[in-house]
Asker: 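Pasting in a structure now, in structure tokens, and then I'll have a few things to ask.
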Number of protein chains: 2
Amino acid sequence: MSPRKSAAEARATRRRIVERGVAIASVDGLEGLTIGRLATDLGMSKAGVLGHFGTKETLQLAALDEAAAVFVRAVWRPAEDAAPGLPRLRAVCEAWIAYLESERETFPGGCLFATASVEFDARGGRVRDAVVRLGRLWRRRLAGEIRLAVAAGDLSPDTDPEQLTYEIVGLYLVLNQDLQLFADPRAPERTRRALARLLAPGASAAVA
Amino acid sequence: MSPRKSAAEARATRRRIVERGVAIASVDGLEGLTIGRLATDLGMSKAGVLGHFGTKETLQLAALDEAAAVFVRAVWRPAEDAAPGLPRLRAVCEAWIAYLESERETFPGGCLFATASVEFDARGGRVRDAVVRLGRLWRRRLAGEIRLAVAAGDLSPDTDPEQLTYEIVGLYLVLNQDLQLFADPRAPERTRRALARLLAPGASAAVA
DNA sequence: CCTACCGATCGGTAGG
DNA sequence: CCTACCGATCGGTAGG
């Protein structure tokens, strides 16, 4: 006895579903994100949940989209004000740490991309494609900031932006593991220490 | 019509189950490792599969044990012959790369520990405990090799073994991601390049 | 957005 | 190690 909601109400419901879905997927994975679980959590019927997406795959893609929006807001947006070059690169890196450390509310099981990357790395399909696309996107942006820092003379011209990007991503993957699996509060400082070395003014650590 | 096998035959069957289980879990995770799937793959009944373990959890733990044995054989055993210090540390690191690169047969979905770490990092239970225990074990061993290298004077006395271990693990996590998710053949060389910097004679990159 | 239902698969058990 | 079965849950559909 709750049919015929307005379009605005339907959008609000969809939001609730997706936000809860992101939290569930961060813990149990995008496959573990089941319609029945969502319905129970939200006090809805399964058909009511599924009606907003049609298929589970579309729901998974919506959760991934929402996670991407959260990531952009937490990591890239705050750094936009910083000066291009090393200051902005450092701002991005610091925001990334803060994102992994404190976005525990939206991602109780850790960064959804870290989870989804491993979950879908040996499968096909549209969800895997989306994970790959987003992974490439964050790396491309990070490499872009590194190039700006090189162009500004803040990092050595010998710097290999792809290599440096690769090493920084490694520092975030191990940070996510240490926070989630080992609950080690020293991890953020460890990533910071390694980053300080890689991003020292004039540093040429990651060379071709 | 195939009851009453000998104890040796039963052991051989158990082996087949576990080995196939490791391969499945590496692709679909330890939760995605289902009794029915195993039974179909091996041409057995579900009860026949489950009879060797009793519960799915025990089967998951057996798969994890087998993966640990493979890891020890591939990474730690070959390095045992190398001289303690930087030579052995480097041998371990190189074997670890080779393990991720070439153990595609036993782990078609990539290193099972990388998969299981993310899959269970937000859960409780005995499987999670085993993943944590093994993760700590590899790190402790790696830190031990680093300490030997410091003691031998091969690495700077300023070296922080925990910090260096952390950074090296990051280089393996990103290597696994790039091999599995992005299928990027340049990844092993990237990890090698970063390791060469961290493990240069007298290097004091990872200091406290 | 609901009730009612579908076939398939899940982990697991009984009994031989 | 098998057949036969259990209740629960899966993704999804019909129809309102």
Side-chain angles (χ1 to χ4, degrees), chain A residues 1-21 24-25 27-64 116 119-120 123-128, chain B residues 1-21 24-25 27-64 116 119-120 123-128:
Chain A
M1 223 290 174
S2 45
R4 284 302 87 158
K5 294 283 179 74
S6 74
E9 285 175 312
R11 271 196 305 275
T13 301
R14 201 195 125 104
R15 266 193 72 83
R16 284 180 64 225
I17 298 172
V18 171
E19 276 169 12
R20 188 85 201 93
I24 293 175
V27 172
D28 293 321
L30 282 165
E31 284 306 329
L33 171 59
T34 68
I35 322 285
R37 165 80 189 279
L38 263 176
T40 303
D41 282 14
L42 298 173
M44 296 173 59
S45 67
K46 291 200 315 176
V49 170
L50 199 53
H52 285 273
F53 307 95
T55 68
K56 175 173 181 170
E57 189 181 49
T58 309
L59 166 64
Q60 291 173 318
L61 291 169
L64 220 40
E119 191 177 7
F120 287 90
R123 302 183 191 187
R126 292 167 58 198
V127 178
R128 182 219 159 90
Chain B
M1 220 282 182
S2 46
R4 286 301 85 159
K5 295 281 181 72
S6 75
E9 285 174 312
R11 271 197 303 276
T13 302
R14 202 194 124 103
R15 265 194 71 83
R16 283 180 63 227
I17 298 172
V18 171
E19 275 169 12
R20 187 85 201 92
I24 293 174
V27 172
D28 292 321
L30 282 165
E31 283 307 329
L33 171 60
T34 68
I35 321 285
R37 166 78 188 281
L38 263 176
T40 305
D41 283 15
L42 298 172
M44 296 173 60
S45 67
K46 291 201 314 176
V49 170
L50 199 54
H52 285 273
F53 307 94
T55 67
K56 176 173 181 172
E57 190 181 48
T58 308
L59 166 64
Q60 290 173 319
L61 291 169
L64 220 39
E119 191 178 7
F120 287 89
R123 301 184 191 186
R126 293 166 57 196
V127 178
R128 183 220 158 90

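Values below: every heavy atom of this structure, side chains too, minus hydrogens, waters and symmetry copies. Here is how names work: the chains are called A, B, and so on, in the same order as the sequence lines, proteins then strands, and each is numbered from 1. In this text the structure is predicted, and so the values were computed from the model without any measurement.
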Asker: State whether the distance check finds a donor on one side and an acceptor on the other, under 3.5 Å, for side chain B/K46 versus base C/dG11.
Answerer: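 Looking at the base of C/dG11, it does pair with a donor or acceptor on the side chain of B/K46 (distance under 3.5 Å).
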
Asker: Can you figure out which of C/dG11, D/dC2, D/dG12 approaches the side chain of B/M44 most closely?
Answerer: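 Selected nucleotide (nearest to the side chain): D/dC2.
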
Asker: Atom CG of A/L38 and atom C1' of D/dG12: how far apart are they, to the nearest Å?
Answerer: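 Atom-to-atom, A/L38 to D/dG12, this comes out as 15 Å.
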
Asker: With a 4.0 Å cutoff (strictly under), does any side-chain N or O of A/T13 reach OP1 or OP2 of C/dC1?
Answerer: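 For C/dC1, OP1/OP2 do have a side-chain N/O of A/T13 under 4.0 Å.
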
Asker: Can a donor-acceptor pair be found, under 3.5 Å and without considering hydrogens, that links the side chain of A/E19 to the backbone of A/R16?
Answerer: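 No; judged by distance alone, with no hydrogens or angles, the pair does not exist.
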
Asker: So if I take every side-chain heavy atom of A/L50 and compare against C/dT13, D/dC2, D/dT13, which nucleotide ends up nearest?
Answerer: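 Selected nucleotide (nearest to the side chain): D/dT13.
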
Asker: Please state how far atom CZ in B/F53 lies from atom C1' in C/dT13, giving the value in whole angstrom units.
Answerer: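 Distance, rounded to whole Å: 18 Å.
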
Asker: At their closest point, which heavy atom of A/R128 faces which heavy atom of A/F120, and how far apart are they?
Answerer: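 For A/R128 and A/F120, the tightest heavy-atom pair comes out as CG-O, 3.3 Å.
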
Asker: Heavy atoms from C-beta onward define the side chain here; which of D/dA14, C/dT13, C/dC1 lies closest to that of A/A47?
Answerer: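 Of all the options, the side chain of A/A47 is nearest to D/dA14.
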
Asker: Any side-chain to backbone donor/acceptor pair from B/Q60 onto B/V127? Under 3.5 Å, distance only.
Answerer: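 Such a contact is absent between B/Q60 side chain and B/V127 backbone.
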
Asker: Let's see if you can work this out: which of D/dG11, D/dT3, C/dG12 has an atom nearest to the side-chain heavy atoms of B/S45?
Answerer: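 Among the listed nucleotides, the one closest to the side chain of B/S45 is D/dT3.
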
Asker: If I take atom CD1 in residue A/I35 and atom P in nucleotide C/dC6, what distance separates them, rounded to the nearest angstrom?
Answerer: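 These atoms are roughly 20 Å apart.
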
Asker: Take atom CD of B/E31 and atom P of D/dC10, then tell me their distance rounded to the nearest Å.
Answerer: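 Whole-Å distance recorded here is 13 Å.
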
Asker: Rounded to whole angstroms, how far apart are NZ on A/K56 and P on D/dG12?
Answerer: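 Taking atom P of D/dG12 as the reference, NZ of A/K56 is at 8 Å.
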
Asker: What's the CG-P distance between A/L42 and C/dC2, to the nearest Å?
Answerer: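 In whole Å, C/dC2 P and A/L42 CG are 10 Å from each other.
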
Asker: Is A/R15 atom CZ crowded by more than 12 heavy atoms from other residues, nucleotides or ligands, each under 6.0 Å away?
Answerer: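 Counting other residues, nucleotides and ligands, CZ of A/R15 stays at 12 neighbours or fewer.
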
Asker: So, OP1 or OP2 of C/dT9: does either fall under 4.0 Å of a side-chain N or O from B/T34?
Answerer: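 So the side-chain polar atoms of B/T34 never come under 4.0 Å of the phosphate oxygens OP1 or OP2 of C/dT9.
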
Asker: Counting N and O atoms only, with roles assigned by atom type, does the side chain of A/K56 sit under 3.5 Å from a partner on the main chain of A/E31, one being a donor and the other an acceptor?
Answerer: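 Confirmed, A/K56 side chain pairs with A/E31 backbone.
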
Asker: For C/dG15, which nucleotide in any strand shown is its Watson-Crick or wobble partner with both distances under 3.5 Å?
Answerer: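 Its partner is D/dC2 (Watson-Crick or G-U wobble, both distances under 3.5 Å).
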
Asker: What's the NE2-C1' distance between B/H52 and C/dG12, to the nearest Å?
Answerer: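 That distance rounds to 16 Å.
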
